[in-house]
Amino acid sequence: MFVEERTRPVLDKVCKLIDRAPDQAVLLRHHTNAVYAVSDVVVKISPPAIPLDRIRRVVDLVEWLQDQDFPTVPLHPGIQQPLHIDGYPVTVWQRLDASAARPITTAELGLLLRSLHALPLPPAGVPTALDPVTGVRRSVDASAILDGDDRDLLVRRLGDLAPVWETAMPFGSGLIQSDPQVRNALRRDDGTPVLADWDSASTGPRMWDIATVAVHCRRFGSHDFGDFVTAYGRDPRSWDHFEDLCLLRELQMIATNARKSAPGSPAAAEVHHRIAGLREDLQELTAWSIL
């Protein structure tokens, strides 16, 4: 299992390589990846099931973004990345402010995505292929926390929403981050906001990034999607199928977390909370908790 007891020994070896003290490490999160802050760096340990080549594409993308002067969290210099330690792909990043005192705003996120969406496709390719419909099916099949009724509900929802993915979308396609949100943005020392977490970056409809922001605004609260739209410069809400795309994005979030969550865990309880809301009404807007 992908748990802290298994990633801590990996962290110890990384700290030895980069001359940092592992006893100073602070666990930031342990869900999709294990993320530790150690002094002036952040160590990101991916599950062994993630191919090393995929993480190498993340490294290539970030280096290309830096060459384009796009504001992104930089990799820690001086070591060849990614690392591969005891079967775990590892990347090491420069540590930036988590912005607790100065949270990244949705307007700042809108400016970041506006700049990202204006870039050409990177010549070395992207880390992942975006296919949410297939991804939802696979996640539902692979989940250990869903019962038969849950699976049937999610599959029915997918059948209702899948057609939107084949619909021509405004704003075109290009390089997208795939999971843009204020928690995936940090600040440099000078206050400049930068985008982070490129594991899911792909080529796809720009509207997918925008729908992701909309979902985070309405499900996790305290953020104004209108501010994002103003900064981004284009309003997706006039597109007739925007709500369906948001619902598909929500379904993907539920299914992905259902696959990643262990039975009886707090994450599993949150997934069941989200499914209970869907069972009541496809259009409901029950508040979600961040995983």
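Count residues from 1 along the sequence.
- With contacts defined as side-chain heavy-atom distances shorter than 4.5 Å, the pair His31/Phe2 does not qualify.
- Here the shortest heavy-atom pairing between Ala231 and Leu111 reads O-CD2, 3.6 Å.
- Annotation: side chain of His272 is in contact with side chain of Asp150 (closest heavy-atom distance under 4.5 Å).
- We find that Arg56 and Asp53 are joined by a salt bridge, their nearest charged nitrogen and carboxylate oxygen being less than 4.0 Å apart.
- Atom CG of Asp67 has more than 12 heavy atoms from other residues, nucleotides or ligands within 6.0 Å.
- Proximity of Thr286 to Arg219: side-chain heavy atoms (C-beta onward) are separated by under 4.5 Å at one or more points.
- The heavy-atom pair separating Val73 from Gln94 by the smallest distance is CG1-O, 3.6 Å.
- The shortest heavy-atom contact between Pro180 and Thr212 is O-CG2, 3.5 Å.
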Side chain to side chain contact (heavy atoms under 4.5 Å, CB included) assessment of Thr91 paired with Trp198: CA-CA 12 Å; Thr91 47; Trp198 298 97; over 6 Å; no
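- With hydrogens and angles ignored, the 3.5 Å screen pairs no side-chain donor or acceptor of Asn33 with any backbone N or O of Val35.
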Test side chain to side chain contact (heavy atoms under 4.5 Å, CB included) applied to Asn257 and Arg274, step by step: CA-CA 10 Å; Asn257 282 298; Arg274 296 178 185 184; 3.6 Å; yes
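- In this structure, SG in Cys15 is found 9.0 Å from CZ in Arg8, a value given to the nearest 0.5 Å.
- Between Pro236 and Val229, the closest heavy-atom pair is CD-CG2, 3.9 Å.
- Tracing side-chain contacts under 4.5 Å through hydrophobic residues (I, L, V, M, F, W, Y), one reaches Val59 starting from Phe70; they form part of the same cluster.
- Cluster annotation: Val42 and Ile85 are assigned to distinct hydrophobic clusters (Ile/Leu/Val/Met/Phe/Trp/Tyr, side-chain heavy-atom contacts under 4.5 Å, transitive).
- The aromatic rings of Phe242 and Phe225 sit parallel to each other, their planes meeting at less than 30°, with 60° as the upper class boundary.
- Taking CG of Asp190 as the start and OG1 of Thr192 as the end, the distance is 3.5 Å to the nearest 0.5 Å.
- Going from atom OG1 of Thr7 over to atom CD1 of Ile45 covers 5.0 Å, rounded to the nearest 0.5 Å.
- Looking at heavy atoms from C-beta onward, Trp208 lies in side-chain contact with Leu248 at the 4.5 angstrom threshold.
- Within the 4.5 Å cutoff, no side-chain heavy atoms of Ile210 are placed close to those of Leu245.
- Considering every non-hydrogen atom in both Pro47 and Pro89, the closest pair reads O-CD, 3.6 Å.
- The hydrophobic clustering, which links ILVMFWY residues whose side-chain heavy atoms are closer than 4.5 Å, places Phe228 and Leu195 together.
- The shortest heavy-atom contact between Cys246 and Arg218 is CB-NH2, 3.7 Å.
- Put simply, Trp93 and Leu17 are part of two different groups of oily side chains (I, L, V, M, F, W, Y) that touch within less than 4.5 Å, one to the next.
- In this structure, Trp239 and His241 have perpendicular ring planes: the angle between them is above 60°, well past the 30° mark.
- The number of heavy atoms from other shown groups lying within 6.0 Å of CZ (Arg237) is above 12.
- A salt bridge does not link Asp197 with Arg183: none of the charged nitrogens is closer than 4.0 Å to a carboxylate oxygen.
- Under the side-chain contact (heavy atoms from CB on, under 4.5 Å) rule, Pro127 has a single partner from Ile55, Leu61, Asp199, which is Leu61.
- No donor-acceptor distance shorter than 3.5 angstrom exists from the side chain of Thr128 to the backbone of Leu130, with no hydrogens or angles considered.
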Salt bridge (charged side-chain N to carboxylate O under 4.0 Å, His left out) evaluation trace for Arg249 with Asp179: CA-CA 10 Å; Arg249 183 65 173 100; Asp179 192 25; 3.3 Å; yes
Steps toward side chain to side chain contact (heavy atoms under 4.5 Å, CB included) verdict (Leu146, Val140): CA-CA 8 Å; Leu146 300 177; Val140 169; 4.2 Å; yes
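- Atom CZ in Arg137 sits 8.5 Å away from atom CG in Asp131 (nearest 0.5 Å).
- Cluster annotation: Leu27 and Leu186 are assigned to distinct hydrophobic clusters (Ile/Leu/Val/Met/Phe/Trp/Tyr, side-chain heavy-atom contacts under 4.5 Å, transitive).
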Derivation and outcome, side chain to side chain contact (heavy atoms under 4.5 Å, CB included), residues Leu158 and Val155: CA-CA 5 Å; Leu158 182 61; Val155 169; 5.5 Å; no
Working for salt bridge (charged side-chain N to carboxylate O under 4.0 Å, His left out), residues Glu108 and Arg187: CA-CA 11 Å; Glu108 289 174 316; Arg187 289 196 190 279; 2.9 Å; yes
